[in-house]
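Encoded as structure tokens, the structure appears first; notes follow it.
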Amino acid sequence: MKFRPLHDRVLVRRIEAEEKTRGGIIIPDTAKEKPQEGEVISVGAGTINDKGEIRPLDVKAGDRILFGKWSGTEVKLDGEELLIMKESDIMGILEGSAEAKKAA
């Protein structure tokens, strides 16, 4: 199923937290917090300014982002749990994080 968010909304897939700590301790599911990092799946067209013009969003599909702990609304599409949130709920874009993880 294809899903395209409207206006300033963004569809995000949470990036799962690590199962172990750096010291090798396995974290049980009950002790895990929901990750505040995700990957943008799709974005809306943007917001409309006072002149009636559309301002595109600062994020794009494929960006890794940080968002607030209670941000967004959880939805289930094709059996996958995703988040829909407004662009204003996004705190920032993580740049170079994929390359850093591959090197580690």
Side-chain angles (χ1 to χ4, degrees):
M1 169 188 328
K2 285 195 123 230
F3 178 83
R4 184 176 52 92
L6 297 177
H7 308 295
D8 66 337
R9 289 184 174 75
V10 179
L11 184 66
V12 176
R13 176 185 300 122
R14 281 188 198 269
I15 295 175
E16 291 304 316
E18 294 294 322
E19 300 285 325
K20 288 186 193 178
T21 64
R22 288 187 181 181
I25 298 171
I26 296 174
I27 303 169
D29 288 340
T30 54
K32 285 184 195 171
E33 286 190 23
K34 289 191 175 184
Q36 294 173 265
E37 185 177 334
E39 178 185 358
V40 176
I41 306 298
S42 63
V43 298
T47 57
I48 299 174
N49 65 16
D50 296 336
K51 297 177 186 175
E53 302 164 340
I54 294 178
R55 182 193 69 81
L57 302 183
D58 291 330
V59 295
K60 61 186 180 310
D63 283 348
R64 287 177 68 112
I65 59 167
L66 287 179
F67 49 87
K69 187 177 267 191
W70 310 110
S71 297
T73 302
E74 292 183 356
V75 295
K76 199 169 204 173
L77 296 173
D78 292 335
E80 184 178 16
E81 293 208 12
L82 303 170
L83 288 169
I84 297 175
M85 64 182 68
K86 290 191 169 231
E87 183 187 35
S88 58
D89 291 338
I90 297 172
M91 292 187 269
I93 300 171
L94 294 168
E95 296 176 350
S97 59
E99 294 81 20
K101 284 198 171 193
K102 285 180 184 174

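Small disclaimer: the values here were computed from a predicted structure and weren't measured.
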Spacing of CD1 belonging to Ile84 relative to CD1 belonging to Ile41, to within rounding of 0.5 Å: 11.5 Å
Val43 and Ile54: same hydrophobic cluster, using ILVMFWY side-chain contacts below 4.5 Å? no
Transitively linked via ILVMFWY side-chain contacts under 4.5 Å: Met85 with Met91? no
Could you state the interatomic distance from CZ (Arg9) to CG (Leu57), rounded to the nearest 0.5 Å? 11.0 Å
Residues Lys60 and Asp63 bridged, charged N to O under 4.0 Å: yes
Check whether Glu87 reaches the backbone of Asp58 with its side chain - one donor and one acceptor, N or O, closer than 3.5 Å. yes
Minimum heavy-atom separation for Gln36 and Lys69, please, with both atom names. NE2-N, 3.2 Å
Mind checking whether Ile15 and Glu37 have side chains closer than 4.5 Å, heavy atoms only? yes
Leu83 reachable from Ile93 in the ILVMFWY side-chain graph, under 4.5 Å edges: yes
With heavy-atom distances below 4.5 Å as the criterion, would you say the side chains of Phe3 and Leu82 are in contact? no
